[in-house]
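Take a look at the structure below.
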Amino acid sequence: MEIRTRGEACGKVILFGEHFVVHGVPAIAAGISNKTTVEVEPSSEMLFIPGNQRTIPELTYRSINNVLSAMGIKGNFKVTLGGDLPTAGGLGSSAAFCVALAIAFAKQAGLTLSKEQINNFAYEGEKAFHGNPSGIDNVLATYGGVMTYTRGTTSKENKFEPLRTVGRFYLTVGITGKSSPTVAMVSKVGDFKKTKPDEFAELAKKAEKIVSEAEDSLFSGNMERLGALMNENELLLEALGVVSAENIKIINSARGAGALGAKITGGGGGGCCIAIAKDKTHAEQILVAIRKEGFDGFITTVG
């Protein structure tokens, strides 16, 4: 048994289709280059060291225990969080933590696991944070890449289809600093659908068309078209009422700096926004513009 073991996993963004995915429309999600790392070592008591990240200790400890229980591992451990993936809304940080945790614990126990097993153990950890998670975050954290996700009536019926993309591209991520209440936003969209069924159906139809065209743009490497589709998707999300004033400021500053496209990623109501840049230098220029508005952010890559 190793004294200290390490695991790592990537974060994710939703490129297209958030919220509509809950109602049967496919979504496109992508693993990003920013990663969470976890170091694990035996300890006389269970300890979690968050480093410089903001976490919710109660949920984190529950997640650790869930993973240990699912893996059949007993004992106490010191768990240290690291990496360059912020624990901000919409980036899949909790799933990345759970995947990295499962990898590190497997090394502690001398286990050789398949990616499918790692993903399943991480999903148990995710339940501590999200109750009944869709599974998309832990799948991206485990496998990386870009995928189309279609939600089934049960978690076993969820479909994940890898997408072929041409090369990699740069994203600038803007962080509002405002907590992203995903459950509340999902409920808000549910109410919208109940009170305005015809309008919601029309928006969902447009969202599905955007996802289909985005798949083609990713395959061909047409970043200009991809950015335009991102802007169209953002308009649909604004119509649903899930875009906060902070989101709007970041999106407008990114577009003002020449972003090919910009939108929220994830639940909205705060959290994070993403913007497609032409290249690394352009991504840095967009980040400067976002910071001038008083928000933090970082540059990452997809593909």
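Position 1 is the first residue of the sequence; numbering continues from there.
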How many angstroms lie between [atom1] in [X] and [atom2] in [Y], if you round to the nearest 0.5 Å?
X	Y	atom1	atom2	value
E199	F192	CD	CZ	3.5 Å
K107	R6	NZ	CZ	7.5 Å
D216	L226	CG	CG	11.0 Å
L15	T148	CG	OG1	10.0 Å
Y143	N138	OH	CG	9.5 Å
D137	K12	CG	NZ	3.5 Å

With distance as the sole test, does [X] use its side chain to make a donor-acceptor pair with the main-chain N or O of [Y] at under 3.5 Å?
X	Y	answer
T300	S33	yes
N119	K115	no
R291	G297	yes
T150	P26	no
H282	A257	yes
T176	G271	yes
Q117	L113	no

Salt-bridge test for [X] and [Y]: reply yes if a basic N is under 4.0 Å from a carboxylate O, no otherwise.
X	Y	result
D84	K35	no
E246	K178	yes
E234	K263	no
E213	R225	yes
K127	E124	yes
K159	E161	no

**Report entry** Output field: ring centroids F105/F77 closer than 6.0 Å
**Finding:**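 F105 vs F77: aromatic centres under 6.0 Å.
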Identify the heavy atoms of [X] and [Y] that sit nearest to each other, and give their distance.
X	Y	answer
P162	M147	CA-CG, 4.1 Å
I264	G268	CD1-CA, 3.7 Å
L287	F298	CD1-N, 3.7 Å
G7	I103	CA-CG2, 3.8 Å
V38	A100	CG2-CB, 3.7 Å

So [Y] and [X], do their side chains get closer than 4.5 Å, heavy atoms only?
X	Y	answer
F129	N66	no
F121	T142	no
C273	F295	no
V79	E39	no
E18	N233	yes
E232	L236	no
N231	R255	yes
V302	L171	yes

Treat each ILVMFWY residue as a node, draw an edge where side-chain heavy atoms are under 4.5 Å apart, and state whether [X] and [Y] are in one component.
X	Y	value
L203	I28	yes
I175	I290	no
Y123	L59	no
M46	M71	yes
V242	I250	no

Query raised in the report: Given F219 and L163, is the side-chain contact (heavy atoms from CB on, under 4.5 Å) satisfied, shown in steps?
Result: CA-CA 8 Å; F219 182 76; L163 292 178; over 6 Å; no
Report task. Kindly check if the number of other-residue, nucleotide or ligand heavy atoms within 6.0 Å of CD (E58) is above 12? Result -> no
Query raised in the report: Would you call the rings of F48 and Y61 parallel, tilted or perpendicular, where under 30° means parallel and over 60° means perpendicular?
Result: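 If you compare the ring of F48 with that of Y61, the planes turn out perpendicular.
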Query raised in the report: How far apart are the C-alpha atoms of F16 and E208, what are their side-chain angles, what is the distance that settles it, and do they pass the side-chain contact (heavy atoms from CB on, under 4.5 Å) test?
Result: CA-CA 9 Å; F16 297 94; E208 190 162 11; over 6 Å; no
Query raised in the report: Going by atom types only, do N247 and S244 share a side-chain donor-acceptor pair under 3.5 Å?
Result: yes
Requested in this report: Please report the C-alpha distance between F200 and F20 in whole Å, then the side-chain angles of each, then the deciding distance to 0.1 Å, and finally whether the ring-ring contact (aromatic ring centres under 6.0 Å, His included) criterion is met.
Outcome: CA-CA 9 Å; F200 182 85; F20 295 103; 5.8 Å; yes
Query raised in the report: So V173 and L91, side-chain contact (heavy atoms from CB on, under 4.5 Å) or not? Walk me through it.
Result: CA-CA 10 Å; V173 180; L91 301 178; 4.1 Å; yes
